[in-house]
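Each ligand, and each atom within it, is numbered from 1 in the order the structure gives. The first residue in the sequence is number 1, and the count goes up from there.
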Amino acid sequence: MKISEMLAKKRTISFEVFPPKQESGDMDRLQKTLLRVKELKPDFISVTFGAMGNTRRDTAKIASFIKTIGVEPLAHITGGPCTPEDVDGTVSELLGGGVENILALRGDKPVAYEAEYCKYFKHATDLMQYLHRFKESGRLDFGAACYPEGHIESNTLAEDLRHMKEKQDAGADFFITQLFYDNNYYYRLVSEARRAGITAPIIPGIMPLVNPKSVKRITAMCGAAIPLDFRSMLEMYQDDENLLHEIGLNFACYQIMDLIARGAPGIHIYMMNNAQIAESIHSRLENVFGKLF
Ligand code: FAD
């Protein structure tokens, strides 16, 4: 089923996984994780795509597995590291596995290979234009990424919004946001996007911050602001792993409850291949909302 059709009917709940490193047993572990997450009845599960294109086959394989267990997959494709032949190969594997939704991305430019990167697909919109025939024939729905705090390479939010509108014009049916910890950035993005003529649903992406070591990594990766009260708590309890885990999960649920109360069209959870994170958040939300999703 197309994700845009789901969004037209209900608020979605979805999770994101990434292809594991190529070590024996990892793929089995991920499959077991996916079978557990399936029990939560998510509307879809997305699978990331390596920035260097190296997990291409695994992304397609995992997306096809998700389809076989009865959940709708959303396969990411990053155009940056790919040739048109790579993209053709990926799409044909995805279509063969019954995948109907892709998240079209550029990918993060690796520092050492910047010149070579994006040789064929400079931006997410180039990838969507290249794949336009699949959209026109109704075989694929397109999602795209957006950035509540602005993309790290953009000078202003207005510049980013202009490119977000181009993504919609190139066929994006919905957007999923970069992670954020201050919901005000999401609300600002939605209101500015509507003013810029972007009408597609904007699904907030939530990554529970359950490990203090992630704070620096996340800030460096995407510049996400961490509210002072949350940051203070993380610092105060940094030596108590279990307590931090609970604080991170509760904060994510607080964010989600606020987002639902204010009308977010869906919730996408970056679950870091950890079924227990998905289950803990899901059960907390069920306690609050019952069968809301
Ligand atoms: P683009 O849309 O190409 O944007 C990149 C920059 O260029 C932005 O600053 C934008 O404003 C600007 N821009 C866009 N179009 C134009 C244009 N026509 N002319 C000039 N400037 C333009 N990375 C992975 O490697 N694998 C993944 O699976 C993955 N999944 C992700 C999922 C989500 C929901 C999100 C939010 C990000 C994901 N990323 C992933 C990270 C993403 O690849 C990076 O954020 C990347 O730097 C930008 O990708 P994009 O598709 O937004 O690129």
If the cut-off is 4.0 Å to any non-hydrogen atom of [X], which atoms of ligand 1 fall inside it?
{"X": "A145", "value": "35 (C), 36 (C), 52 (O)"}
{"X": "D160", "value": "8 (C), 9 (O), 10 (C), 11 (O)"}
{"X": "T78", "value": "24 (C), 25 (O), 26 (N)"}
{"X": "K167", "value": "2 (O), 50 (P), 51 (O), 52 (O)"}

Where the closest heavy atom to atom 7 (O) of ligand 1 is concerned, which of E16, H76, H123 has it?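 Residue with the shortest heavy-atom distance to the ligand atom: H123.
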
Minimum non-hydrogen distance to atom 43 (O) of ligand 1, winning option of C118, G150, G79, G107: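 The option holding the nearest heavy atom is G107.
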
Under 3.5 Å between any N/O of [X] and any N/O of ligand 1: does that happen in this structure?
{"X": "S154", "value": "yes"}
{"X": "K122", "value": "no"}
{"X": "D108", "value": "yes"}

Can you tell whether the side chains of [X] and [Y] come within less than 4.0 Å, N to carboxylate O?
{"X": "D173", "Y": "K135", "answer": "yes"}
{"X": "K10", "Y": "E5", "answer": "no"}
{"X": "E93", "Y": "R57", "answer": "yes"}
{"X": "E136", "Y": "R133", "answer": "no"}

Quiz question: by atom type and distance under 3.5 Å, do the side chains of Y187 and D258 form a donor-acceptor pair?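 Present: a donor and an acceptor within the cut-off.
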
Are D141 and S4 close enough that a side-chain donor and a side-chain acceptor fall under 3.5 Å?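 There is such a pair (donor and acceptor under 3.5 Å, judged by atom type) between the side chains of D141 and S4.
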
Select one of side chain, backbone, both or neither to describe which atoms of [X] lie under 4.0 Å from any atom of ligand 1, heavy atoms only.
{"X": "Y270", "answer": "side chain"}
{"X": "E166", "answer": "side chain"}
{"X": "Y147", "answer": "side chain"}

Side-chain heavy-atom pair C146, Q178 within 4.5 angstrom cut-off: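 No, every pair of side-chain atoms sits at 4.5 Å or beyond.
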
Is there a donor-acceptor pair under 3.5 Å between the side chain of E72 and the backbone N or O of K2?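 No: the side chain of E72 does not pair with the backbone of K2.
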
Please write down residue, atom name and distance for the protein heavy atom closest to atom 21 (N) of ligand 1.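 Atom 21 (N) of ligand 1 sits closest to the protein heavy atom H163 NE2, 3.2 Å.
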
